[in-house]
Visitor: 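This structure is in structure tokens; I'll ask about it shortly.
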Amino acid sequence: MFPQKLQALLQAALPVHSCRSVHRLASLQELAALPPQRKQRLLYPFSGLEAYLDRSVDRTPFQLFQPDLEGMAAAERLFRCSPSHRIEYVASAERMAHAPALKAPEVCFIGRSNVGKSSLIRSLFALVPELQVRVSKTPGHTKKMNFFRVGGAFTVVDMPGYGYRAPRDFVEMVEPYLFGRRNLVRTFLLVDGLVGLQDADLVAVQMCEEIGSPFAVVVTKVDKGGSGVLLSNLLHLQEFLKARTSRCFPQPFLTSALDYSGIHLLRCFLAHVTGSVQLRDTSPC
Ligand SMILES: Nc1nc2c(ncn2[C@@H]2O[C@H](COP(=O)(O)OP(=O)(O)OP(=O)(O)O)[C@@H](O)[C@H]2O)c(=O)[nH]1
Ligand SMILES: [Mg+2]
């Protein structure tokens, strides 16, 4: 048999789910072909809503994170694998004591079960399709803290969700991590754009404030449903954050794991807060 034919047969026999294909909007290069307005909405989803959201807010302390394309491209390079920069799953832990001893700056994603934590992380890592980040329609899917290494630059931690079908030992697992992990540089609290802030989120915000280190809010699933609901949830969120928090980054990050809105910006923010890229004209966040 010809070697090429043999290879083709072998490839046909490989399980097709071993590697996802890369979504076309996951890479900045592919966005160049989009109409300018669509590209702007995808890269800076907050900017289109700023006029509405900003009206009740004193602009002076309002800090927008709006890196240019060059900055986003530098961040994107960190989210691509190379032989000297491996992006990989490291370990899962049910207790802080079992968390891997990693020295790089760390960021973690918390939020209600089903809010889209794992999906968001999966879209951040979409340029590494062989990396498995498991998501599910069923709330309570992620049961442990999952650690992903981005070369030597930083670590991303996917947390189990709180609320409905949360692991019974959620508090014992997550609280010691949030209060005790010394290399944790930023906590991202996810809120569903269409559901808005829930009681359980208020407890999580309170906890983030008590931890005493900076955190940011990520609004998920902005592709879903009408913008009216999203807008009113955002106004409420913004008023709440302004009145009740002192550690939260004032700009919520609007994202969709489905159409990649805000994913490029969030990659850049992660790279920035972990000190992995230097951006022009951007103050420390
Ligand atoms: N339309 C839309 N659906 C999303 C988005 N992100 C997540 N989902 C869906 O929401 C459901 C839950 O997603 P997960 O990422 O597993 O949620 P999670 O927060 O990790 O959930 P737990 O692990 O159970 O805490 C899945 O059905 C996803 O497909 C999004 O941006 N847009
Ligand atoms: Mg999950």
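Whatever order the structure lists ligands and atoms in, that order sets their numbers, starting from 1. If you're wondering where the values come from, they're calculated on a predicted model, not measured in any experiment.
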Visitor: Any nitrogen or oxygen of Lys117 lying under 3.5 Å from a nitrogen or oxygen in ligand 1? Just yes or no.
Guide: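 Yes.
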Visitor: Could you tell me whether His141 and ligand 1 have an N or O pair separated by under 3.5 Å?
Guide: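 In this structure, His141 places an N or O atom under 3.5 Å from an N or O of ligand 1.
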Visitor: Could you tell me the residue and atom name of the protein heavy atom closest to atom 1 (N) of ligand 1, and the distance to it rounded to 0.1 Å?
Guide: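 Result for atom 1 (N) of ligand 1: Asp223 OD2, 2.9 Å.
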Visitor: Could you pull out the closest heavy-atom pair between Tyr44 and Met72, with the gap in Å?
Guide: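 Distance-wise, the nearest heavy atoms are CE2-CE, 3.4 Å.
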Visitor: Using a strict 4.0 Å cut-off to heavy atoms of Ala257, name the atoms of ligand 1 that fall inside it.
Guide: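 Taking each heavy atom of Ala257 in turn, ligand 1 has 6 (N), 30 (C), 31 (O) under 4.0 Å.
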Visitor: Indicate the atoms forming the closest heavy-atom contact of Ala271 with Phe154, along with that distance.
Guide: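 Closest approach of Ala271 to Phe154, heavy atoms only: CA-CE2, 4.4 Å.
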Visitor: Report, in ascending order of atom number, the atoms of ligand 1 lying under 4.0 Å from any heavy atom of Val135.
Guide: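 So the atoms of ligand 1 that pass are 15 (O), 16 (O).
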Visitor: Main chain of Leu124, side chain of Arg267: is a donor-acceptor contact present, judged purely on distance under 3.5 Å?
Guide: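 Yes, Arg267 side chain to Leu124 backbone: donor-acceptor pair under 3.5 Å.
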Visitor: Would the number of heavy atoms belonging to other residues, nucleotides or ligands and lying under 6.0 Å from CZ of Arg95 be above 12?
Guide: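 Correct, the count exceeds 12.
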Visitor: Just need the protein heavy atom nearest to atom 6 (N) of ligand 1, so name the residue and atom and give the distance.
Guide: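 Going atom by atom, the protein heavy atom closest to atom 6 (N) of ligand 1 ends up being Ser119 CB, 3.6 Å.
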Visitor: Can Phe179 be reached from Leu189 by stepping across I, L, V, M, F, W or Y side chains whose heavy atoms are under 4.5 Å apart?
Guide: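 Per the 4.5 Å side-chain linkage, Leu189 and Phe179 are co-clustered.
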Visitor: For a distance under 2.8 Å, tell me if Ser119 has an N/O/S atom near the Mg ion (ligand 2).
Guide: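 No, outside the cut-off.
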Visitor: Verify side chain to side chain donor-acceptor pair (under 3.5 Å) between Tyr177 and Glu106, making sure each step is shown before the conclusion.
Guide: CA-CA 11 Å; Tyr177 170 86; Glu106 207 156 277; 2.6 Å; yes
Visitor: Under a 3.5 Å threshold, yes or no: a donor from one side chain and an acceptor from the other, between Thr142 and Ser118?
Guide: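 The answer is yes; a qualifying pair exists.
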Visitor: Under 3.5 Å between some N or O of ligand 1 and some N or O of Arg134?
Guide: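 By distance alone, the answer is no.
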Visitor: Atoms of ligand 1 less than 4.0 Å from Ser256 heavy atoms?
Guide: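 With Ser256 as reference, the close atoms of ligand 1 come out as 31 (O).
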Visitor: Assess whether a salt bridge exists between Glu88 and Arg149, defined as any Lys/Arg side-chain N lying under 4.0 Å from an Asp/Glu carboxylate O.
Guide: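 Yes, Glu88 and Arg149 are salt-bridged.
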Visitor: As an exercise, identify every atom of ligand 1 less than 4.0 angstrom from a heavy atom of Ser136.
Guide: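 Atoms satisfying the 4.0 Å criterion: 11 (C), 12 (C), 13 (O), 16 (O), 26 (C), 27 (O).
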Visitor: Answer yes or no for Ser113: is there an N/O/S atom below the 2.8 Å cut-off from the Mg ion (ligand 2)?
Guide: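 Here the distance criterion (N, O or S atom, under 2.8 Å) is not met by Ser113, so no.
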Visitor: Given Phe79 and Val128, is the side-chain contact (heavy atoms from CB on, under 4.5 Å) satisfied, shown in steps?
Guide: CA-CA 8 Å; Phe79 285 86; Val128 190; over 6 Å; no
Visitor: Look only at interatomic distance and state if Pro160 has a nitrogen or oxygen under 3.5 Å from any nitrogen or oxygen of ligand 1.
Guide: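 No; the residue has no nitrogen or oxygen that sits under 3.5 Å from a nitrogen or oxygen of the ligand.
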Visitor: Out of Gly163, Pro167, Gly140, whose heavy atom sits nearest atom 24 (O) of ligand 1?
Guide: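 Nearest heavy atom to atom 24 (O) of ligand 1 lies in Gly140.
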Visitor: Thinking salt bridges, do Glu94 and Lys144 make one under a 4.0 Å N-O criterion?
Guide: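 Answer for the salt bridge query: yes.
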Visitor: Atoms of ligand 1 less than 4.0 Å from Gly161 heavy atoms?
Guide: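 Matching atoms, with element in brackets: 25 (O).
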Visitor: Treating His23 as the side-chain partner and Asp259 as the backbone partner, does any N or O pair qualify as donor plus acceptor under 3.5 Å?
Guide: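 It does not hold such a pair.
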Visitor: Say whether Asn114 and ligand 1 are in contact under the criterion: heavy-atom distance to a ligand atom below 4.0 Å.
Guide: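 Within the 4.0 Å threshold, so yes.
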Visitor: Has ligand 1 got any nitrogen or oxygen that is less than 3.5 angstrom from a nitrogen or oxygen of Thr142?
Guide: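 N/O-N/O distance under 3.5 Å: yes.
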Visitor: What part of Lys224, side chain, backbone, both or neither, has a heavy atom within less than 4.0 angstrom of ligand 1?
Guide: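 The answer is the side chain of Lys224.
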Visitor: Is it the case that ligand 1 has an N or O less than 3.5 angstrom from some N or O of Gly116?
Guide: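 For ligand 1, there is an N or O atom that lies under 3.5 Å from one belonging to Gly116.
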Visitor: Any non-hydrogen atom of Pro139 lying under 4.0 Å from ligand 1?
Guide: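 Checking ligand 1 against Pro139, which is what was asked, there is a heavy-atom contact under 4.0 Å.
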Visitor: If you have a sec, work out which protein heavy atom is nearest atom 8 (N) of ligand 1 and how many Å separate them, to one decimal?
Guide: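 Checking every protein heavy atom, the shortest distance to atom 8 (N) of ligand 1 gives Lys221 CE, 3.7 Å.
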Visitor: Is there a side-chain contact between Lys117 and Phe188, using heavy atoms and a 4.5 Å cut-off?
Guide: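 They are not in contact (no side-chain heavy atoms under 4.5 Å apart), so the answer is no.
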